[in-house]
Structures are given as C-alpha cells and as structure tokens.
Novice: 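The following block contains the structure, expressed as structure tokens.
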Protein chains: 2
Amino acid sequence: MHPLQQAAKCSTCVIGKFCLPLGLTIEEAEQIDILVSQKLRLNKGEYLYHQGDPFISLYSIRFGSLKTELLLQDGRSQIIGFHLPGEILGLDGIGNNVYQSEAIALEDCEVCIVQFSEFETLCQKIPSLQRHLYQLLSREITQDHRHLLTLGSLNAEEKLAYLFIYLSERLAKRGLSSTEFNLAMGREEIGDYLGLKIETVSRILSKFSQAGIIEVKSKHLKILNIKELYRLAGSELTQPIRQ
Amino acid sequence: MHPLQQAAKCSTCVIGKFCLPLGLTIEEAEQIDILVSQKLRLNKGEYLYHQGDPFISLYSIRFGSLKTELLLQDGRSQIIGFHLPGEILGLDGIGNNVYQSEAIALEDCEVCIVQFSEFETLCQKIPSLQRHLYQLLSREITQDHRHLLTLGSLNAEEKLAYLFIYLSERLAKRGLSSTEFNLAMGREEIGDYLGLKIETVSRILSKFSQAGIIEVKSKHLKILNIKELYRLAGSELTQPIRQ
DNA sequence: CGAGCGTTTGAAATCGGTCAACAGCAGTGG
DNA sequence: CCACTGCTGTTGACCGATTTCAAACGCTCG
C-alpha cells in the first residue's frame with residue numbers, strides 16, 4: 001500500500017527539536033530511535049490513513065504537509081487540520097483504536113512511523129516522555145477549541161485572518177519566515193477548513209490584497225500588514241499558545 | 001472562592017462506572033480515593049475556572065452540568081462543550097499549565113477535584129489508568145472534530161439535530177432516557193454552541209415541533225422522531241464513538 | 001399583580017452561497 | 001512551438017439562509 005520504507009533516526013533528525021524527542025536527554029532520544037524505525041513517503045493526494053482503519057501507529061511529519069478531514073455522505077468535507085513538519089498525526093485513533101479521520105498528503109511528503117503500543121510502553125519508563133504525550137494531546141484539544149471559535153463565531157474575513165496568523169506562527173516556530181510562505185493547500189481546501197465556499201475565499205483574498213494586507217500570487221503568500229490580521233482574528237486569542 | 005469542600009470517594013460513588021475509575025480493579029480504585037479527596041459545589045452561573053488560571057486540577061462532575069467556552073473581546077462567545085456527570089473537565093490545561101477556557105455551571109452542581117500532579121504519578125503505577133487518560137484526551141479530540149464538522153459544514157437545522165442526538169446518546173450511556181430530558185442550557189447557549197443566533201435556534205425548534213420531530217416546552221425536550229434527527233445530522237458520523 | 005427575563009415571531013437587511021462566465025496556467029500531444 | 005484540454009482560481013449577478021431589528025408573548029419570582 002505504501003511506496004517505500006527506510007530506517008529513520010530521531011537522534012539525528014533535523015526536525016527533531018520540534019518533534020517527539022522534544023525535551024529528552026540524548027540517551028532517551030536514542031531509545032526512541034529504536035521505536036521510530038521506519039519512515040514512509042507519500043505523493044501528493046495519497047492517503048496516510050482512512051477513517052475506520054485500525055489504529056496502530058502515530059506518525060510524525062519529516063517534510064511536506066498533510067490535511068486531516070471528516071467527510072459527509074453527500075460529499076461535504078470538513079478539514080480538521082493542516083499539518084506541518086514535526087507535528088504528530090493519528091492521535092484521534094487512541095480513543096477507540098480506530099482512526100477517526102482521513103489523513104491525506106497536501107504535497108509530496110515523508111513521515112516517521114511510531115508504533116503506539118511500543119511508544120506507550122516507553123512512556124511508562126520515561127516520565128518526561130509521558131508528560132510530552134499528554135501535552136501533545138492537550139495542545140491538540142486547545143487548537144481544536146480555537147478552530148471551533150473560528151468556525152462558530154468569526155465572519156469570513158476574520159476566518160481568513162485567523163488561518164494566516166495560525167500558519168504564520170507555526171512556521172515561525174520552525175525558524176521559517178512568518179511573513180512569506182507557500183500555501184500547500186488550494187482555495188477549496190482553505191474553504192473546507194474554514195467553513196467557506198471557494199468563491200468566498202477567493203473574494204476575500206482579493207479584498208485583502210487591495211487593502212494592502214497581503215500579496216497573493218496563486219499559492220505564494222506574503223503578509224504585508226500582520227497587525228491588521230491580528231486585529232481581525234481577535235488578537236487576544238491567537239497569542240497564549242506556547243510550545 | 002469556592003463554597004464548600006467535603007471528602008469524596010470513587011470506590012463508593014454512584015457515577016464511578018462512567019468516570020475516572022472506569023476499568024480499574026477495586027484495589028486500584030481505592031488508590032484513586034486517596035487522590036480524589038475533595039469535592040466542590042457550584043451554584044448555577046458560578047465559575048469552576050477561568051481561562052488563564054494556573055492548571056492544578058482536573059475535575060469530574062458528580063451531578064449537574066457545566067459549559068466551557070471561549071470569549072472574544074467584543075463579547076462574542078463560543079461554547080466548546082456541555083458537560084455531564086462523569087465527564088472530566090480541565091484537560092485543556094495540561095498543555096501549557098493554564099486553563100484555556102472558561103468553565104461555568106449551567107445549574108447547581110458538584111465536582112470532584114483531582115490534583116493532576118498526583119494523578120499523573122498514579123498513572124505511572126497503574127498502566128490501565130494511564131491508558132484511560134490517553135483515551136479520555138483522544139476522545140475529547142474526536143468529539144471536538146465532530147463539533148468542527150457541525151460548525152463548518154452543517155446548516156442550522158442539521159446543527160440542532162446534531163446537538164439533540166449528541167445529548168441523547170450521552171444521556172443514554174448514563175442509563176437515562178434518550179428521548180426525553182431537560183436542557184440545562186438556554187436558547188442563547190445552544191446558539192453559542194452551534195454558531196447560531198438565538199432567534200434562529202428558536203425558529204428551528206418551532207419548525208421541528210410543527211414537523212412532529214420533537215416536543216419542546218421551554219427547557220423540557222421530548223424526541224418524537226429520532227430517525228429524522230439522525231438523517232439530518234448526517235447519521236454515519238454520529239455513530240462510531242463508543243465509550 | 002407587575003417587573004424582568006427569556007423566548008417566540010415577523011419583517012427587513014446582509015453576508016455568504018449559488019450559478020455562470022471567464023482567465024490563467026500546466027500538461028499533452030500534434 | 002503552439003493549439004487543445006482540463007483544472008484551479010477569479011469575478012459578477014443574483015439568490016437565499018441566517019442575522020438583525022423590533023415587537024409581543026409568557027414564564028417566574030418577588
């Protein structure tokens with residue numbers, strides 16, 4: 001089913017400091033190396049897992065990005081998250097031993113495979129790792145709550161502003177530019193994330209451009225007035241998350 | 001700040017089987033008794049915690065119900081969840097040692113206090129308890145994802161149908177009637193949960209009543225045609241969560 | 001009984017959705 | 001190299017669901 005598998009190592013991975021080994025000693029990180037033995041490449045559009053698949057592994061992203069989504073029978077889809085390198089996928093599978101969403105590559109990417117049962121055992125031995133997993137889960141909850149606020153209480157402009165700030169901050173954390181980056185997702189996917197139609201997304205991008213807030217050329221985005229975006233998105237709520 | 005504190009015991013609590021001790025042996029449950037030493041009463045409208053308060057404890061609901069919400073500067077509010085007896089509150093505090101939402105009593109209620117640092121230590125000793133906490137966190141994520149789908153992809157009627165089914169299923173799990181119950185929240189709170197205005201909520205309740213789907217008399221709800229509610233809410237997605 | 005709040009209902013306004021045409025660009029194949 | 005095709009994104013005109021504004025209703029509690 002999946003194209004290729006190779007050995008992986010946390011202790012030498014460049015993404016390591018944003019990823020699972022965060023906060024571990026060198027010896028502890030080496031213990032993870034044993035678990036994280038395989039990685040896996042996906043081409044754009046390929047599935048990492050489907051809703052209902054048996055939950056066996058967590059995945060951490062080495063490079064590229066993915067989306068997770070829920071589907072309705074009639075074709076409507078809700079994108080739950082856009083996922084960047086260093087982030088962990090599959091956490092929603094722990095609750096009922098079945099993945100609860102679809103995970104799809106937004107572009108060519110590579111993920112590490114972490115068998116959960118082994119990882120759980122290791123967590124028993126390394127308290128700081130256990131704590132890290134709790135925090136990972138809890139932060140995902142917090143992110144989802146922000147997303148809920150966005151979908152339930154913001155208007156279309158505010159929603160777009162939220163997304164751009166959210167992406168910007170996460171990229172900054174990884175040492176990348178917070179003001180100029182590529183959108184791996186298309187307009188429709190932006191809409192499915194924010195509960196908007198593609199035409200609305202497009203119109204608001206045009207409006208932001210004309211207002212001098214951003215510059216968009218197809219997938220490339222440059223933020224010119226980030227303050228205005230913060231103002232629109234309800235600034236007090238986009239701040240408090242640290243990592 | 002909080003009205004009253006009394007001794008609590010999991011091993012004798014009637015709500016126990018839906019709560020933290022779920023799946024533990026008698027000896028293990030007695031170990032929890034030591035942790036869960038205090039409980040606390042709240043009157044309707046009182047806060048259990050505020051966004052930004054230091055995270056010290058998880059809370060489990062003995063009776064009554066609460067809401068958690070996020071607020072925007074301009075007064076808009078997004079309700080994140082309605083919480084019933086046996087459910088755990090405060091999980092969003094683990095990630096950054098600060099509660100990330102407001103928790104408010106919807107009616108008079110009582111909660112048990114579980115100091116998280118002690119609970120975490122106990123989890124190290126009892127693997128099944130550790131697993132339970134992971135599952136708790138993961139299921140909250142799954143619930144939030146459903147809620148996201150609801151806010152982002154459903155129309156007003158479908159949203160209401162989703163809420164009623166969601167409440168109905170959770171009450172059924174507790175051995176209560178799945179077709180007739182009281183809504184602890186007001187119309188405005190329903191709206192803040194679903195991303196709708198109070199008038200829209202009211203109109204759709206009237207419409208459902210006229211269509212013979214429900215019977216509402218102020219806070220009392222009777223579901224007459226649950227199949228139709230399932231159909232509206234996108235049935236395939238309200239099923240798979242087990243507990 | 002009257003005050004006050006929460007809820008319901010109606011009419012008008014608005015935001016975002018729908019439908020439709022078109023533009024831009026990548027890939028394909030002559 | 002350049003038409004042809006198909007896909008994605010943009011723009012405009014119109015439509016409709018939900019919001020807004022306003023008024024009335026009906027509890028509950030002093």
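Reminder, nothing fancy here: chain letters follow the sequence lines and each chain counts from 1.
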Novice: Calculate the interatomic distance between A:R187 atom CZ and C:dG24 atom C1'; express it in whole Å.
Specialist: 12 Å
Novice: Would you call A:E157 and A:R203 a salt bridge, using N to O less than 4.0 angstrom?
Specialist: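 Result for this pair is no, no salt bridge flagged.
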Novice: Would you kindly give the CG-to-C1' distance between B:L221 and C:dT7, to the nearest whole Å?
Specialist: 15 Å
Novice: What is the distance from CD of B:E189 to P of C:dC5, rounded to the nearest Å?
Specialist: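 Checked: the CD to P distance equals 16 Å.
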Novice: Just how far, in rounded Å, is P of D:dA17 from NZ of B:K159?
Specialist: 14 Å
Novice: Calculate the interatomic distance between A:E158 atom CD and C:dC15 atom C1'; express it in whole Å.
Specialist: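 Value for this atom pair: 12 Å.
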Novice: Students often mix this up, so state it plainly: with edges at 30° and 60°, are the rings of A:Y162 and A:H147 parallel, tilted or perpendicular?
Specialist: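 Parallel, since the angle between the ring planes stays under 30°.
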Novice: Got a salt bridge between A:E110 and A:K39, using NZ or NE/NH1/NH2 to carboxylate O under 4.0 Å?
Specialist: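 The answer is yes: the pair qualifies as a salt bridge.
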Novice: Pick out the pairs of N or O atoms, protein on one side and nucleotides 18-25 of chain D on the other, that lie under 3.5 Å.
Specialist:
unit_1, atom_1, unit_2, atom_2, d
D:dT18, OP1, B:A156, N, 2.8
D:dT19, OP2, B:K197, N, 3.2
D:dT19, OP2, B:T200, OG1, 2.4
D:dT20, O4, B:R203, NH2, 2.8
D:dC21, N4, B:E199, OE2, 3.2

Novice: Measure CG/A:D192 against P/D:dT8 and give the value in whole Å, please.
Specialist: 13 Å
Novice: Verify whether one side chain among A:H145 and B:Q78 offers a donor that lies under 3.5 Å from an acceptor in the other.
Specialist: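 The answer is no; no qualifying pair exists.
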Novice: Under 3.5 Å, is there a donor-acceptor pair between the A:D192 and A:S77 side chains?
Specialist: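 There is such a pair between these side chains.
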Novice: Please state how far atom CD in B:Q210 lies from atom C1' in C:dT9, giving the value in whole angstrom units.
Specialist: 11 Å
Novice: Quick one: is B:S206 getting a side-chain N or O under 4.0 Å of the C:dT9 phosphate, OP1 or OP2?
Specialist: yes
Novice: Strictly below 4.0 Å, N to O, side chains only: are B:E87 and B:R170 in salt-bridge contact?
Specialist: yes
Novice: Measure the distance from CG on A:L160 to P on D:dT10 and round it to the nearest whole Å.
Specialist: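 Rounded to whole Å, this separation is 11 Å.
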